[in-house]
Amino acid sequence: MTFPEWTKPVVYGALVGAVAVSILGFTWGGWTTAGSAEEMADSFAAEQVTLAMVPVCLSLSEADAERVEILATLRETSGFQQRNAMMETGWATLPGTKAPSRDLADACLAKLALDGS
């Protein structure tokens, strides 16, 4: 079977156009793959769970009998040591888990600093 002479440039043009549209779509068009979309959704869900658990962290801190001493210790420490100290209090442990959450510890520290407690 023979093809007309004009089909060769059309096929090449279509291939180059498809590649160019794909490159532009993924770089500037906001297209994502299923894997990266799932990764973004997981990250967003984890952030929202952390934000939802901040009131639990604050209520645990308010119910703690040693709150004043712990807050004094937290104020004396700085940086990652402050986060580690918060994690040691047990206030940043999500219900149903045994290990404290670093993200929750950071969020709870920020909220405690905003409250001026």
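The figures that follow rest on heavy atoms only: side chains count, while hydrogens, waters and symmetry mates do not. In this chain, residues are counted from 1 in sequence order.
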Q.
Looking at E69, I'd like to know if its CD atom is crowded, meaning that more than 12 non-hydrogen atoms belonging to other residues, nucleotides or ligands lie closer than 6.0 Å.
A. yes

Q | E39 side chain near D42 side chain, heavy-atom distance below 4.5 Å | A | no

Q.
For S101 versus M87, what's the shortest heavy-atom pair and its separation?
A. O-CG, 4.4 Å

(Q) So if I apply the side chain to side chain contact (heavy atoms under 4.5 Å, CB included) rule between W91 and each of L104, L58, L74, which one comes out positive? (A) L74

Q: For side chain to side chain contact (heavy atoms under 4.5 Å, CB included), just list the numbers for M40 and T32, CA-CA rounded to whole Å, side-chain angles, deciding distance to a tenth of an Å, and then say yes or no.
A: CA-CA 10 Å; M40 288 188 307; T32 60; 4.0 Å; yes

Q) Hey, what do you get for OG (S36) to CH2 (W31), rounding to the nearest 0.5 Å? A) 13.0 Å

Q: Grab the two heavy atoms, one from L109 and one from M86, that are nearest each other, plus how far apart they are.
A: CD2-CE, 3.7 Å

Q: Output the distance between atom OG1 (T89) and atom CG (N84), rounded to the nearest 0.5 Å.
A: 11.0 Å

Q | Distance in Å, E66 CD paired with L71 CG, rounded so as to fall on 0.5 Å steps | A | 11.5 Å

Q: Flag the pair K111 / P55 as yes when at least one side-chain heavy-atom distance between them is below 4.5 Å, and no otherwise.
A: no

Q) Checking T50 side chain against A46 main chain: does a donor-acceptor pair fall under 3.5 Å? A) yes

Q: Could you grab the distance from atom OG of S61 to atom CD1 of I70, nearest 0.5 Å is fine?
A: 9.0 Å

Q | For A85 against T77, the heavy-atom pair lying closest together | A | CB-OG1, 4.4 Å

Q.
Would you compute the distance between atom CG of D106 and atom CD of Q82 and round it to the nearest 0.5 angstrom?
A. 9.0 Å

